[in-house]
Amino acid sequence: MRYDLVIFDNDGVLVDSEPISNTILSGYLSELGHPTTYDESLRDYMGAAVHRVHDLIQERTGQRLPDDFDATLHARIFAAFEQELTPVTGAAEVLGELVAHGVPYCVASSGSHERIRVGHRATGIDEWFEEEWIFSSEDVGRGKPAPDLFLLAAERMGVAPERCVVVEDSQLGVKAARAAGMDVYGFTAMTPAERLAGANGFFSKLVELPELLA
């Protein structure tokens with residue numbers, strides 16, 4: 001393959017969590033008096049760390065979310081993950097193909113370390129990841145669209161940014177990858193290609209990825 005490291009986003013790319021988490025997030029915000037539809041949640045928060053929710057609500061309304069917002073949101077999402085979460089179709093096959101070709105990979109997610117691990121355990125893809133291959137926005141001061149998370153992943157994995165490729169399904173993630181000087185392929189299963197402008201290419205099924213990287 002043309003790259004020395006494949007960096008996967010997690011939510012929506014490896015685990016099919018975006019429908020679950022955005023349904024819960026939009027419902028919780030509406031419950032708190034900030035009416036939010038599912039589509040608005042996808043538009044505004046998909047691919048972002050939870051601090052973006054706080055920032056946008058305060059910017060738009062002048063109000064702060066409750067101190068226990070993060071804990072309550074995560075508790076609801078994790079409970080749903082345990083019952084409903086599935087891997088993205090083809091995730092195990094693609095990871096297996098990378099292993100077969102000796103291509104290193106890791107995950108770099110806006111989600112917390114706990115969220116990543118809960119999702120991986122619930123879907124069974126935890127067997128494909130060593131602890132040191134998992135990176136979270138908690139590890140850096142600025143999440144996506146800043147390049148910090150992807151640059152940290154490349155540094156820790158010992159690969160120059162220009163030898164890395166990122167797999168993303170969010171506009172924020174594509175911007176972060178480009179800012180990091182990395183190639184990026186946009187996964188369009190949930191996000192239209194036009195919202196992933198700047199990507200080097202697009203694919204709609206995860207099993208199509210290895211051919212793009214060859």
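Thr191 places no side-chain N or O within 3.5 Å of a backbone atom of Ser170 that could act as its donor or acceptor partner. At least one donor-acceptor pair closer than 3.5 Å links the side chain of Asn200 to the backbone N or O of Val184. Remark: the backbone N or O of Thr36 is paired with a side-chain donor or acceptor of Ser30 at under 3.5 angstrom.
Distance OG/Ser17 to CD/Glu84: 11.5 Å, rounded to 0.5 Å. Atom OH of Tyr185 and atom CZ of Phe202 lie 10.5 Å apart (nearest 0.5 Å). Residue Leu25 holds its CG atom at 10.5 Å from CZ of Arg76, rounded to the nearest 0.5 Å. Here the CD-CG distance, from Gln58 to Leu65, works out to 8.5 Å after rounding to the nearest 0.5 Å. Atom CD1 of Ile57 sits about 9.0 Å away from atom CG of Leu32, to the nearest 0.5 Å. Annotation: the span from Ile24 atom CD1 to Leu29 atom CG amounts to 12.0 Å, rounded to 0.5 Å.
Taking all atoms of both residues into account, the shortest heavy-atom contact from Ser136 to Gly111 is OG-O, 2.7 Å. Residues Gly47 and Glu18 share a closest heavy-atom pair of N-OE2, 4.0 Å. Of all heavy-atom pairs between Ala154 and Cys164, the closest is CB-SG, 3.8 Å. Taking each heavy atom of Asp11 and Ser109 in turn, the nearest pair found is OD2-OG, 3.8 Å. Of all the heavy atoms in Ala153 and Ile7, the pair that sits closest is CB-CD1, 4.2 Å. Residue Glu40 comes nearest to Pro35 through the heavy atom pair OE1-O, 4.0 Å, listed as atom of the first residue, atom of the second, then distance.
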Pair Leu5-Arg163, side-chain contact (heavy atoms from CB on, under 4.5 Å): steps then yes or no: CA-CA 7 Å; Leu5 177 65; Arg163 298 297 305 158; over 6 Å; no
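Looking at His113 and Asp139, their side chains do bring a donor and an acceptor atom within 3.5 Å of each other. Side-chain contact of Ser21 with Arg115: a donor-acceptor pair under 3.5 Å is present, judged by distance alone.
Leu172 is not connected to Met190 by any chain of hydrophobic side-chain contacts under 4.5 Å among Ile, Leu, Val, Met, Phe, Trp and Tyr, and they are in different clusters.
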For residues 127-135, run the donor-acceptor check on the side chains, cut-off 3.5 Å, and write out each pair with its distance to 0.1 Å, sequence neighbours left out.
{"unit_1": "Glu131", "atom_1": "OE1", "unit_2": "Arg117", "atom_2": "NE", "d": "3.2"}
{"unit_1": "Glu131", "atom_1": "OE1", "unit_2": "Arg117", "atom_2": "NH2", "d": "2.6"}

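Heavy-atom contacts from other residues, nucleotides or ligands closer than 6.0 Å to CD of Glu194 number more than 12. In the displayed structure, Arg156 atom CZ is contacted under 6.0 Å by at most 12 heavy atoms of other residues, nucleotides or ligands. Within a 6.0 Å radius of CZ in Arg2, more than 12 heavy atoms belonging to other residues, nucleotides or ligands are found. At most 12 non-hydrogen atoms from other residues, nucleotides or ligands lie less than 6.0 angstrom from CG of Asp67.
Counting heavy atoms from C-beta on, the side chains of Phe8 and Val94 come closer than 4.5 Å.
Residue pairs satisfying the ring pair (Phe, Tyr, Trp, His ring centres under 6.0 Å) criterion with at least one member in residues 17-45, sequence neighbours excluded, are listed as follows: Tyr28-Phe69.
By the ring-ring contact (aromatic ring centres under 6.0 Å, His included) test, His101 pairs with no residue at all, sequence neighbours left out.
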